[in-house]
Student: 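One structure coming up, written as structure tokens, with questions to follow.
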Amino acid sequence: MEFVCGGRHVLVDCGLFQGSRSLEALNLGAFAFEPRRIEAVVLTHAHIDHCGLLPKLAAEGFKGAIWCTEPTHDLLEFMLADAGRIQEMEAERHNRRRDRAGNAPFAPLYTEQDALAAWRLCKPVELGSWFEPAPGFRARFWNAGHVLGSASVELEGGSVHAMCSGDIGPEFKAFLADPDGPSGFDYVVCESTYGGRTREKLTIEQRREILRAEVVAAIARGGNLIIPAFALERTQELLLDLAYLMQGNDIPKAPVFIDSPLARQITEVFAKYASELADTGGINIFADPGFHFVGDAAESIRLNSMSGAIIIAASGMCEGGRIRHHLLHNLHRRGSTILFVGYQAQGTLGRVLVDGAHAVRISGTDVQVRAQIRRIDNYSAHADQSELLDWIVHRAPISGTLFLDHGESEGLEAMRRELQQREPDLNVRLPKIGESYALSVRQKARRLTTGLPGAQRAVGQDWQNAYADLVTGLKSDLGRIPEDHRQEAIERLRQVLRSYTHFRDNRRD
């Protein structure tokens with residue numbers, strides 16, 4: 001999000017697009033601004049969808065400071081370096097694929113060295129302390145209650161007073177205090193990840209009881225319990241609850257493997273702040289002897305021979321990392337359980353599994369889904385609709401415009417409708433990718449440019465999701481056709497594809 005005042009340019013966050021392959025392809029395009037003209041970045045937190053394009057920004061000429069809280073600074077070193085390694089490995093993997101022989105090689109979006117160069121631009125600042133990211137601007141951070149170090153950004157420029165929520169945490173969030181911040185703004189930008197959903201409010205004790213039941217049932221099935229989890233915050237919350245349950249003899253003494261080098265590094269940062277975190281009793285609960293942090297890839301592969309283990313691995317949406325390796329070896333096993341404990345964006349493998357797919361495609365391999373697919377919604381680090389509405393109420397009065405962002409179209413629209421019913425005079429906008437607005441004191445935002453149609457269409461599921469679903473189910477579909485008609489069915493399918501290509505070519509002429 002770019003703010004311009006008096007010819008000075010400041011970004012609030014610079015995140016990586018995540019979701020469908022079409023949406024992720026937007027990361028390869030040019031920035032909507034000239035990186036060299038950006039004087040500062042004000043970063044809300046260390047999740048990759050908020051910081052993941054910082055290395056690209058720095059590699060393309062940004063030289064300013066990246067302002068953030070001290071914990072975010074500590075986390076960012078590992079989060080960005082890991083993102084750079086993933087970019088390098090993904091490019092290498094694509095270039096090794098047999099179906100790409102002879103094609104121009106992929107280049108990584110950025111490298112690990114680019115990532116560390118961006119991290120060195122960070123400038124930590126305390127919550128509540130005013131700072132000047134660029135001449136004509138001043139800003140300060142407020143606790144957002146989302147993840148360690150997360151903050152909302154209060155920003156002033158040219159007498160305009162704005163608040164950017166970042167990601168807002170829910171009630172009963174482990175480790176962190178509830179979100180806070182001042183009131184009375186011209187403009188507020190609020191995330192709406194769960195804008196269309198209201199969750200049952202559970203205490204940490206109630207959440208642990210749900211986890212206990214899932215663990216006991218999974219171990220009783222005889223297979224592994226595989227938990228896709230984000231390396232930042234979700235893994236540490238799970239370890240907090242598993243340590244509590246194991247120490248109380250409430251779950252079987254199954255070995256717990258944390259198969260993520262990044263999660264190990266992040267957990268070390270949490271341990272550094274253990275005395276300041278709620279719910280830990282001021283001690284390092286992450287040093288429990290039942291926890292085994294997996295190191296190299298060979299050690300991770302050895303887990304394939306295990307049964308009855310709890311394996312926590314990233315990424316939380318199953319789009320990369322070691323979790324895909326564990327899904328490949330456990331999804332087809334009837335005794336295994338896959339437990340989702342986080343948000344699954346449209347177009348991701350995690351969302352496909354949660355939505356009930358019978359087969360999926362992982363790294364070019366078709367995998368039948370025979371494992372139990374389970375889900376717990378109460379580990380979310382995002383506020384639900386009612387909590388977001390409470391946060392917005394506490395920012396009132398909003399004299400100009402409330403912008404809703406960072407959500408799927410259904411959730412955004414649900415939030416807009418609810419707000420318009422409660423506050424009919426409040427100006428609410430749902431900005432699209434690429435739109436820009438003029439902001440004035442106590443005035444409704446005035447749109448200057450429209451969004452990018454291609455970028456907006458990339459949000460949600462895309463043709464590649466549909467293709468993967470078609471391919472994984474094709475053999476099964478053909479199997480239901482009498483054998484002497486299968487060749488005819490395949491030929492008709494080809495005819496349909498050829499006829500559609502011919503139709504498009506003629507229409508273009």
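For reference, positions follow the sequence shown, starting with 1.
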Student: Pairs of donor and acceptor atoms involving the side chains of residues 278-286, under 3.5 Å and at least two apart or interchain, shall be tabulated with distances.
Tutor:
from   : atom 1 : to     : atom 2 : distance (Å)
Asp279 : OD2    : Phe175 : N      : 2.9
Thr280 : OG1    : Ala274 : O      : 3.1
Thr280 : OG1    : Leu277 : O      : 3.2
Thr280 : OG1    : Gly282 : N      : 3.2
Asn284 : OD1    : Phe286 : N      : 3.1

Student: Please list, chain by chain and in numerical order, all residues satisfying ring pair (Phe, Tyr, Trp, His ring centres under 6.0 Å) with Phe291, sequence neighbours excluded.
Tutor: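 None.
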Student: For Glu214, give me all partners under salt bridge (charged side-chain N to carboxylate O under 4.0 Å, His left out), at least two apart in sequence or on another chain.
Tutor: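 Here the qualifying residues are Arg374.
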Student: Could you tell me whether Glu205 atom CD has more than 12 heavy atoms of other residues or ligands within 6.0 Å of it?
Tutor: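 Yes, because the 6.0 Å sphere around CD of Glu205 holds more than 12 heavy atoms from other groups.
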Student: Who pairs with Phe141 by ring pair (Phe, Tyr, Trp, His ring centres under 6.0 Å), at least two apart in sequence or on another chain?
Tutor: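 Here the qualifying residues are Phe131.
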Student: Looking only at heavy atoms, what is the nearest atom pair of Asp167 and His146, with distance?
Tutor: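 Shortest heavy-atom separation between Asp167 and His146 comes out as O-CB, 3.1 Å.
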Student: Taking only residues two or more places apart in sequence, or in another chain, which ones meet Glu92 in a salt bridge (charged side-chain N to carboxylate O under 4.0 Å, His left out)?
Tutor: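 With sequence neighbours excluded, Glu92 shows a salt bridge (charged side-chain N to carboxylate O under 4.0 Å, His left out) to Arg96, given in chain and number order.
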Student: Drop me the distance from Ile311's CD1 to Ile226's CD1, to the nearest 0.5 angstrom.
Tutor: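 With rounding to 0.5 Å, CD1 (Ile311) is 4.0 Å from CD1 (Ile226).
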Student: Any carboxylate oxygen within less than 4.0 angstrom of a Lys/Arg side-chain nitrogen, looking at Asp250 and Arg212?
Tutor: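 No.
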Student: Between Pro170 and Arg199, is any pair of side-chain heavy atoms under 4.5 Å apart?
Tutor: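 Sidechains of Arg199 and Pro170: in contact.
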Student: Identify each donor-acceptor pair in which a side-chain atom of residues 229-236 lies under 3.5 Å from a protein atom, sequence neighbours left out, and give them as a table.
Tutor:
from   : atom 1 : to     : atom 2 : distance (Å)
Glu233 : OE1    : Leu148 : N      : 2.9
Glu233 : OE2    : Lys173 : NZ     : 2.6
Arg234 : NE     : Tyr379 : O      : 2.9
Arg234 : NH1    : Val341 : O      : 2.8
Arg234 : NH2    : Tyr379 : O      : 3.1
Thr235 : OG1    : Phe230 : O      : 2.9
Gln236 : OE1    : Glu233 : N      : 2.6
Gln236 : NE2    : Ala231 : O      : 3.1
Gln236 : NE2    : Thr267 : OG1    : 3.0

Student: Sort and list the pairs that fulfil ring pair (Phe, Tyr, Trp, His ring centres under 6.0 Å) and have at least one residue in residues 247-268, not counting sequence neighbours.
Tutor: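 Qualifying pairs: Phe257-His292.
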Student: Show which side-chain atoms of residues 72-79 pair as donor or acceptor with protein atoms under 3.5 Å away, not counting sequence neighbours.
Tutor:
from  : atom 1 : to     : atom 2 : distance (Å)
Thr72 : OG1    : Thr69  : OG1    : 3.0
Thr72 : OG1    : Gly149 : O      : 3.0
Asp74 : OD2    : Lys272 : NZ     : 2.8
Asp74 : OD2    : Tyr273 : OH     : 2.6

Student: Return yes if a side-chain donor-acceptor contact under 3.5 Å exists between Thr193 and Glu191, otherwise no.
Tutor: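 A pair is found: one side chain offers a donor N or O, the other an acceptor, under 3.5 Å apart.
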Student: Once rounded to the nearest 0.5 Å, what's the spacing between atom CG of Leu127 and atom CG of Asp180?
Tutor: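 It is 8.0 Å, given to the nearest 0.5 Å.
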Student: List for me each residue that meets salt bridge (charged side-chain N to carboxylate O under 4.0 Å, His left out) alongside Lys201, sequence neighbours excluded, and say none if there are none.
Tutor: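 If we apply the salt bridge (charged side-chain N to carboxylate O under 4.0 Å, His left out) test to Lys201, skipping adjacent residues, the hits are Asp384.
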Student: Could Arg85 and Glu88 be called an ion pair, given the rule that one side-chain N must be under 4.0 Å from one carboxylate O?
Tutor: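 No, Arg85 and Glu88 are not salt-bridged.
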Student: Who pairs with Arg333 by salt bridge (charged side-chain N to carboxylate O under 4.0 Å, His left out), at least two apart in sequence or on another chain?
Tutor: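 Partners of Arg333 under the salt bridge (charged side-chain N to carboxylate O under 4.0 Å, His left out) test: none.
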Student: For residues 309-328, pull every pair meeting ring pair (Phe, Tyr, Trp, His ring centres under 6.0 Å), keeping only residues two or more places apart or in separate chains.
Tutor: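 As it turns out, the ring pair (Phe, Tyr, Trp, His ring centres under 6.0 Å) pairs with a partner in residues 309-328, which skip direct neighbours, are His325-His329.
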Student: Can you list the residues that meet the ring pair (Phe, Tyr, Trp, His ring centres under 6.0 Å) rule with Trp391, with sequence neighbours excluded?
Tutor: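 Scan of Trp391 (ring pair (Phe, Tyr, Trp, His ring centres under 6.0 Å), adjacent residues dropped) gives none.
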Student: Between Asp355 and Gln344, is a side chain to side chain donor-acceptor pair (under 3.5 Å) present by the stated rule, with each step listed?
Tutor: CA-CA 10 Å; Asp355 286 346; Gln344 305 299 312; over 6 Å; no
